[in-house]
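Side chains are part of it too, since the values below use all heavy atoms of this structure and drop only hydrogens, waters and symmetry mates. For this chain, numbers begin at 1 and follow the sequence in order. Each ligand, and each atom within it, is numbered from 1 in the order the structure gives. This one's a predicted model, so the numbers in the text were calculated from it and none came from an experiment.
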Amino acid sequence: MANSKYEYVKSFEVEDKLMPSTWIVVRIDGRHFHQFSDEHEFEKPNDKQALELMNSCAEALLEEFKDVVFAYGVSDEYSFLFKKTSEFYQRRASKIVSILVSFFSSLYVMKWKTFFPLKELKTIPCFDARAICYPSTKIVRDYFSWRQVDCHINNQYNTCFWMLIKSGKTKREAQDILKGTQTPEKNEILFQLGINYNELPAMFRKGSCVFRDKVEEIVKYNQDGDPVKRLRTKVGTVHRDIIGDTFWREHPEILSD
Ligand code: ATP
Ligand code: ATP
Ligand code: MG
Ligand code: MG
């Protein structure tokens, strides 16, 4: 752009670089999704299609932005982890946050029809986003543990709540029954309603992890008709425990420097 006497206005833009050599987490969360999920008649407590739409958006985001090494999603939120050494947009917070959240929102709208062929998108889905820097892998692990514990607590409460509603209780009655209950009592309530919590889909109980993994793929068949396989890196989604060490030990590349 040509120099002009107006160019000084640029100096009002303040620097917002994220701390160097730290893990960056960008967490997005659906705005008013309580309402949005009602308007679009999401199944309660967990609409499978809605969760899979979120996962599909997260997968496409990892395909596009190679610096994002891992993502964890539950309900209307997703957390995206950038490696410590990332120089994505020179680590400028507003650039990173705005690009990720707008990319995700656009995907959500684009993919809506695929996941809800019979439902019209009636209102505009939108997401807030923030970036947080974490200085150590331990804290990154604790961050994702925090989100997965939250997933568990919310899901257990919501499953109880909606089962009580389906059994004929009013919202008020269901709330009163659940007030102050701990995990064993909630499990007991579910058991009496004929539900074994541990048999619910892992996606509901554990949330969703998205990352690149090496998978064997058939690339072609040779003349004898035998498959020719190659190891390919592919973005995929799993529903695993990420609080314990097992998952991270199996995928050391995610948190390696
Ligand atoms: P805010 O704008 O503050 O985020 P919110 O209404 O989005 O408000 P959240 O705390 O983010 O509130 O909760 C999201 C809500 O969206 C859940 O409580 C639930 O009602 C609904 N929701 C999101 N995803 C699903 C889903 N897959 N199935 C059913 N309900 C869902
Ligand atoms: P960054 O990703 O850093 O924003 P950028 O390539 O988007 O980089 P901008 O400074 O935002 O750069 O400039 C936007 C550029 O997009 C313009 O220089 C121009 O080339 C192009 N552009 C935007 N709108 C139009 C338009 N309506 N017609 C033609 N070109 C356009
Ligand atoms: Mg929300
Ligand atoms: Mg939320």
J.: Quick one: closest heavy-atom pair of Glu41 and Asp47, and the distance?
T.: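 What the structure gives for the nearest pair is O-OD2, 4.3 Å.
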
J.: Listing by chain and number, which protein N, O or S atoms are under 2.8 Å from the Mg ion (ligand 4)?
T.: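 Correct list: Asp29 OD2, Asp76 OD1.
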
J.: Arg31 to ligand 1: N or O pair under 3.5 Å?
T.: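 Not met; the criterion fails.
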
J.: Does an N or O from Asn46, backbone or side chain, lie closer than 3.5 Å to an N or O of ligand 1?
T.: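 For ligand 1, there is no N or O atom that lies under 3.5 Å from one belonging to Asn46.
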
J.: What about Ala50: any of its N or O atoms under 3.5 Å from an N or O on ligand 1?
T.: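 It does not: no N or O of Ala50 is found under 3.5 Å from an N or O of ligand 1.
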
J.: Work out which heavy atom in Arg205 is nearest to a heavy atom in Leu200; give both atom names and the distance.
T.: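 So the two residues come closest at NE-O, 2.8 Å.
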
J.: Among all the protein's heavy atoms, is there at least one whose distance to atom 10 (O) of ligand 1 comes out below 4.0 Å?
T.: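 Flag for atom 10 (O) of ligand 1 set to false, no protein heavy atom closer than 4.0 Å.
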
J.: Could you identify the single nearest non-hydrogen protein atom to atom 25 (C) of ligand 1 and state the distance to 0.1 Å?
T.: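 It is Phe42 CD2, 3.8 Å.
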
J.: Please report the closest heavy-atom contact between Leu190 and Met163, naming both atoms and the distance.
T.: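 Minimum heavy-atom separation between Leu190 and Met163: CD2-CG, 4.1 Å.
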
J.: Identify, for atom 6 (O) of ligand 1, the protein heavy atom at the shortest distance, and state residue, atom and that distance.
T.: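 Going atom by atom, the protein heavy atom closest to atom 6 (O) of ligand 1 ends up being His34 N, 2.8 Å.
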
J.: Please classify the Ser37 to ligand 1 contact at 4.0 Å (heavy-atom distances, strictly less than): side chain, backbone, both or neither.
T.: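 Within the 4.0 Å criterion, Ser37 contacts ligand 1 through side-chain atoms alone.
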
J.: What protein heavy atom is closest to atom 30 (N) of ligand 1, reported as residue, atom name and distance in Å?
T.: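 For atom 30 (N) of ligand 1, the nearest protein heavy atom comes out as Lys44 NZ, 3.2 Å.
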
J.: Under a 4.0 angstrom heavy-atom cut-off, which atoms of ligand 1 come close to Gly30?
T.: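 So the answer, numbered in order with elements, is 1 (P), 2 (O), 4 (O), 7 (O).
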
J.: Hey, does Asp29 come in under 3.5 Å of ligand 1, counting only N/O atoms on both sides?
T.: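 N/O-N/O distance under 3.5 Å: yes.
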
J.: Does the protein put a heavy atom under 4.0 Å from atom 1 (P) of ligand 1?
T.: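 True for atom 1 (P) of ligand 1.
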
J.: Return the residue, atom name and 0.1 Å-rounded distance of the protein heavy atom closest to atom 8 (O) of ligand 1.
T.: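 The closest one turns out to be His32 N, 3.7 Å.
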
J.: Are Phe116 and His40, when compared by the centres of their aromatic rings, separated by less than 6.0 Å?
T.: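 Ring-ring flag for Phe116/His40: false, centres at least 6.0 Å apart.
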
J.: Could Arg232 and Glu217 be called an ion pair, given the rule that one side-chain N must be under 4.0 Å from one carboxylate O?
T.: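 Glu217 and Arg232: salt-bridged.
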
J.: Please report the shortest heavy-atom distance between Ser37 and Lys44, naming the atom on each side.
T.: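 Scanning both residues, the minimum pair turns out to be OG-NZ, 3.3 Å.
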
J.: Could you label the plane-to-plane angle of the Phe36 and Phe33 rings as parallel, tilted or perpendicular, counting under 30° as parallel and over 60° as perpendicular?
T.: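 The arrangement is parallel - the two ring planes meet at less than 30°.
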
J.: Stepwise, does the ring-ring contact (aromatic ring centres under 6.0 Å, His included) test hold for Phe70 with Trp248?
T.: CA-CA 11 Å; Phe70 180 75; Trp248 302 104; 5.1 Å; yes

J.: Let me know which of Val238, Asn55, Val74, Thr237 forms a side chain to side chain contact (heavy atoms under 4.5 Å, CB included) with Met203.
T.: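 Among the candidates, only Asn55 passes.
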
J.: Does a donor on one side chain and an acceptor on the other come within less than 3.5 Å for Tyr197 and Thr159?
T.: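 On atom types as modelled, these side chains do not qualify, holding no pair under 3.5 Å.
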
J.: Which heavy atom in Leu61 sits nearest to a heavy atom in Leu107, and how many Å separate them?
T.: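 Residues Leu61 and Leu107, closest heavy atoms: N-CD1, 4.2 Å.
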
J.: Quick one, Asp245 with Arg141, criterion salt bridge (Lys or Arg N to Asp or Glu O under 4.0 Å). Give me CA distance, side-chain angles, the key distance, then yes/no.
T.: CA-CA 9 Å; Asp245 294 333; Arg141 285 270 310 265; 2.8 Å; yes

J.: Looking only at protein heavy atoms, which one is nearest to atom 23 (C) of ligand 1, and how far off is it?
T.: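 Residue, atom and distance for the closest contact: Ser75 OG, 3.5 Å.
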
J.: Looking only at non-hydrogen atoms, find the nearest pair between Arg147 and Ser79 and report the distance.
T.: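 Residues Arg147 and Ser79, closest heavy atoms: CG-OG, 4.3 Å.
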
J.: Parallel, tilted or perpendicular for Phe80 and Tyr78, by the 30°/60° rule?
T.: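 Judged by the thresholds at 30° and 60°, the geometry between Phe80 and Tyr78 is parallel.
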
J.: We want to know whether Ser105 and Arg31 form a side-chain donor-acceptor pair, criterion being a heavy-atom distance below 3.5 angstrom.
T.: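 No, no side-chain donor-acceptor contact under 3.5 Å.
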
J.: Only heavy atoms of Leu51, strictly under 4.0 Å: list the atoms of ligand 1 that pass.
T.: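 Atoms satisfying the 4.0 Å criterion: 27 (N).
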
J.: Is there a heavy atom in Glu43 that sits closer than 4.0 Å to ligand 1?
T.: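 The answer is yes: ligand 1 sits under 4.0 Å from a heavy atom of Glu43.
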
J.: Is there a polar contact between ligand 1 and Asp128, counting only N or O atoms under 3.5 Å apart?
T.: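 Between Asp128 and ligand 1 (N or O atoms, distance only) the closest approach is not under 3.5 Å.
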
J.: Starting from atom 27 (N) of ligand 1, locate the nearest protein heavy atom and write down its residue, its atom name and how far away it is, to 0.1 Å.
T.: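 Nearest protein contact, heavy atoms only, for atom 27 (N) of ligand 1 is Asp47 O, 3.3 Å.
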
J.: Between Phe33 and ligand 1, does any nitrogen or oxygen pair lie at a separation below 3.5 Å?
T.: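 There is such a contact, yes.
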
